[in-house]
Amino acid sequence: MSGRPVITMKGIVKSFYIGTPNELEILHGLDIEVPEGQFVSIVGASGSGKSTLMNIIGALDRQTSGQYILDGIDVAKLDDTELSKIRNKKIGFVFQTFNLIARTSAIKNVELPMLYAGVQSKERSKRAKELLETVEMSDRASHMPNELSGGQKQRIAIARAMANDPAIILADEPTGALDSKTGRLVMDIFHKLHKEQGKTIVLITHNPELAAETDRIITLSDGRIVGDRLSGGEGEQV
Amino acid sequence: MNLGENIKMAFSSLRANKMRAVLTMLGIIIGISSVIMIATMGNIMENSVMDIFNSQGGSNLVGFQITMKRDAVRNYYSTDDLIKEEMIKKVGERFADDIDVISVSSGSDDASMRFRREDLDLVVYGVNPGYIRQSMTEVIAGRYITEKDVEKRGNVCVISDKQAEKLYGSPREALGKTLSFNMNGTSCDLTVVGIYEYKLTGLMSAMVNMAGEDWNNEVYIPYTTFAKLENTTNISFFYFYVNINNGVNAEKFASNVRDYMNNRWYRDNDSIEIWYQTGESQMSMMSEVMGIISTVISVIAGISLLVGGIGVMNIMLVSVTERTREIGVRKALGAPNGAIRSQFIIESVIICLIGGIIGIILGILLGNVAGIIIGTMASPSVGSIILAVSFSMAIGVFFGYYPANRAAKLDPIEALRYE
């Protein structure tokens with residue numbers, strides 16, 4: 001599995017300023033390269049720096065030092081508005097708690113990233129319908145989030161993440177709030193997107209079983225990469 | 001992110017909290033409706049005042065009256081101090097080129113009349129032919145008091161259309177009939193030579209109609225006849241009015257007449273002199289009062305709109321806090337700060353705009369309630385409606401900006417973590 005790198009991180013350091021003279025360093029210089037089309041999982045216990053890393057990958061936050069190239073763009077050089085554009089076009093977020101916009105129908109939720117991208121109304125709803133079909137939720141298009149089950153919500157959220165055909169799908173514990181059966185269903189969708197559409201997916205999880213399903217497992221501990229192996233490759237270092 | 005989408009979004013969020021939205025709007029509704037209501041009522045008043053002013057000659061009207069000198073030694077008038085009939089005649093001759101008409105009235109006196117076993121209370125005015133210009137009336141049948149009537153001390157009178165209808169069924173029927181008046185204990189027979197009606201519009205005509213007989217019981221007779229009935233030979237007046245010709249400078253004319261009269265007849269008077277007032281100065285006094293009233297109202301309206309605006313701001317801050325997580329999600333999905341900001345500003349503007357429009361409708365309705373009662377309607381000027389709409393929108397932007405900006409500047413990571 002190799003291709004053009006979508007994520008290239010070199011010496012990523014993230015520290016938080018928590019009052020003089022202390023600076024809390026969370027990430028201590030990470031080097032990660034993810035090629036296009038890879039399904040990679042990042043695992044680690046809580047406090048390992050997973051979330052901080054995810055925020056940087058997702059362009060919600062900037063690294064303190066080091067270099068992060070996302071799909072050929074140096075993220076550190078971007079201002080807030082450009083960052084929001086990157087999030088909009090390059091990244092599809094899937095959250096643990098779904099985070100659908102309340103009082104907004106399933107299809108409107110799926111349309112939202114396209115709305116911010118300035119896609120015309122007609123095209124938005126056409127694409128949203130296609131996406132809902134991909135996640136097998138066409139019959140729920142006009143339902144409100146509070147009328148949907150957890151698994152259904154997450155499928156809508158995945159459809160939303162795909163809206164602008166992003167370079168990566170960034171899923172943060174996407175099955176964490178679901179029972180194992182619906183969790184399985186959601187994982188199957190990720191596999192389908194990966195296999196059929198060749199999507200690059202970054203899965204953040206603390207569940208080693210889920211991680212084992214992916215192409216590659218990066219293990220974080222205390223802000224350092226302590227393991228990086230291709231799954232089924234018996235601990236082969238990448 | 002276009003405006004239409006933002007407006008749709010704002011409406012859906014308002015629908016989600018209907019009660020709250022309505023209560024917030026209430027502040028704006030009350031503020032705007034009170035402004036519009038008062039503007040509407042002010043319009044009704046102003047139209048009526050202008051009606052009277054114009055019907056009496058507008059800026060061509062000058063009034064002269066006796067007044068106390070600055071160094072007066074008395075604080076009362078005597079008959080000798082009054083303006084004599086002769087003086088007015090002299091003024092009329094001397095300033096004939098400038099004068100359109102002079103009107104005098106030798107005051108009024110209560111009189112009664114017995115008609116078909118019914119006692120009617122009347123007010124009798126002794127007037128000259130020019131007086132019709134001051135009395136807001138016009139003759140609809142017969143004629144008004146003439147110079148000849150004045151000269152001959154004729155026993156003639158002009159009564160109102162309402163009186164004529166009451167006494168004889170119609171104005172035509174009343175002409176030529178003789179009425180027997182009782183005035184100061186002496187009775188006299190007067191022939192009805194004319195019928196008048198009030199020529200007023202708007203509020204004043206409504207008031208006259210409502211007042212009914214109290215307003216319509218005025219009877220006009222020649223001032224000479226009036227003096228005869230009062231048993232005075234000395235005909236004199238407290239004041240008289242002059243309608244000047246178009247193009248004559250009212251101020252200059254008035255001061256000339258005043259100086260002429262004071263030099264000729266009041267120089268040796270120890271306490272009394274002539275004083276004048278032009279229509280222009282009356283009007284400017286009136287508009288000064290109106291100006292003060294509207295300033296006070298504007299301040300009150302401003303305060304109530306300020307309170308309403310603070311209410312909007314308060315609720316928008318609550319709304320931003322409530323929707324912190326939603327804001328985080330929107331940002332994660334790629335909403336730039338500007339889109340978040342405009343979303344909340346538009347929501348606040350819509351609250352204010354709906355409130356403003358309801359307020360305008362309510363204000364016009366309330367303003368016209370008084371109008372409906374007295375039978376006259378008025379609408380505030382289009383200008384004041386446009387002003388009210390744009391002002392309420394401005395409140396929306398002004399008081400919505402701070403909460404919206406706060407929403408826009410939220411850190412997406414913090415916002416996503418918000419429970």
Side-chain angles (χ1 to χ4, degrees), chain A residues 14 16 51-62 78-105 108-121 124 144-146 157 159-164 166 170 172, chain B residues 1-21 315 318-347 350-351 404-419:
Chain A
K14 179 68 188 177
F16 291 96
S51 299
T52 307
L53 178 58
M54 187 204 78
N55 288 339
I56 293 172
I57 294 173
L60 288 165
D61 205 355
R62 291 190 192 86
L78 305 178
D79 64 19
D80 279 356
T81 309
E82 288 165 328
L83 271 186
S84 66
K85 231 173 236 160
I86 290 294
R87 289 196 293 267
N88 186 235
K89 296 266 171 66
K90 302 282 182 200
I91 294 163
F93 282 96
V94 178
F95 303 94
Q96 179 174 3
T97 51
F98 328 124
N99 279 340
L100 298 183
I101 305 289
R103 304 181 308 272
T104 307
S105 66
K108 289 285 172 197
N109 260 287
V110 177
E111 283 183 30
L112 201 56
M114 294 185 267
L115 188 67
Y116 289 125
V119 178
Q120 287 304 303
S121 165
R124 280 204 311 261
M144 293 292 156
N146 59 3
R160 183 176 68 181
M162 299 281 296
N164 285 332
L170 188 56
D172 180 19
Chain B
M1 193 69 187
N2 62 37
L3 191 66
E5 295 293 342
N6 261 323
I7 291 171
K8 263 191 235 164
M9 221 142 72
F11 272 107
S12 99
S13 116
L14 291 180
R15 264 199 301 276
N17 279 306
K18 283 193 201 78
M19 187 68 177
R20 194 162 84 183
I315 230 62
V318 170
S319 177
V320 167
T321 307
E322 267 183 0
R323 286 150 71 184
T324 300
R325 205 185 169 87
E326 178 191 319
I327 293 162
V329 174
R330 286 180 186 277
K331 286 193 158 193
L333 296 179
N337 291 357
I340 302 287
R341 193 182 294 119
S342 57
Q343 180 191 340
F344 282 94
I345 287 180
I346 284 169
E347 197 173 314
I350 283 175
I351 290 177
N405 203 40
R406 211 155 112 158
K409 291 214 166 126
L410 280 175
D411 175 12
I413 299 167
E414 292 295 323
L416 277 169
R417 221 180 273 154
Y418 185 85
E419 293 294 334

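By convention in this document, chain letters (A, B, ...) are assigned in the order of the sequence lines, proteins followed by strands, and residues within each chain are numbered from 1. Both backbone and side-chain heavy atoms feed into the values below; hydrogens, waters and symmetry mates do not. Keep in mind that what you see is a predicted model, and the values were worked out from it rather than measured.
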Looking at P336(B), G328(B), S12(B), A332(B), which has the largest count of heavy-atom pairs under 4.5 Å with chain A?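 Most pairs with chain A among the choices: A332(B).
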
Counting heavy-atom pairs closer than 4.5 Å to chain B, which one of R160(A), K85(A), E82(A) comes out on top?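 Among R160(A), K85(A), E82(A), the one with the most close pairs to chain B is R160(A).
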
Could you tell me which portion of L60(A) (side chain, backbone, both or neither) has an atom closer than 4.5 angstrom to a non-hydrogen atom of chain B?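 Both parts, backbone and side chain.
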
Under a 4.5 Å heavy-atom cut-off, does chain B meet the side chain of N99(A), its backbone, both or neither?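 For N99(A), heavy atoms of backbone and side chain both lie under 4.5 Å from chain B.
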
Among R15(B), E326(B), M9(B), which residue meets the side chain to side chain contact (heavy atoms under 4.5 Å, CB included) test with R103(A)?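 By the side chain to side chain contact (heavy atoms under 4.5 Å, CB included) criterion, R103(A) pairs with just one of R15(B), E326(B), M9(B): E326(B).
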
Donor-acceptor list for residues 406-416 of chain B side chains, cut-off 3.5 Å, not counting sequence neighbours:
from: R406(B); atom 1: NH1; to: Y402(B); atom 2: OH; distance (Å): 3.4
from: D411(B); atom 1: OD1; to: I413(B); atom 2: N; distance (Å): 3.3

Atom pair [atom1]/[atom2] of [X] and [Y] - distance to nearest 0.5 Å:
{"X": "I101(A)", "Y": "R323(B)", "atom1": "CD1", "atom2": "CZ", "answer": "9.0 Å"}
{"X": "K331(B)", "Y": "Y116(A)", "atom1": "NZ", "atom2": "OH", "answer": "10.5 Å"}
{"X": "K8(B)", "Y": "L115(A)", "atom1": "NZ", "atom2": "CG", "answer": "9.0 Å"}

Using side chain to side chain contact (heavy atoms under 4.5 Å, CB included), reason through E111(A) and E5(B) one step at a time and then give a plain yes or no. CA-CA 12 Å; E111(A) 283 183 30; E5(B) 295 293 342; over 6 Å; no

Contacts of S51(A) that satisfy side-chain hydrogen bond (donor to acceptor under 3.5 Å, both in side chains) - sequence neighbours left out: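 S51(A) satisfies side-chain hydrogen bond (donor to acceptor under 3.5 Å, both in side chains) with no residue once adjacent residues are dropped.
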
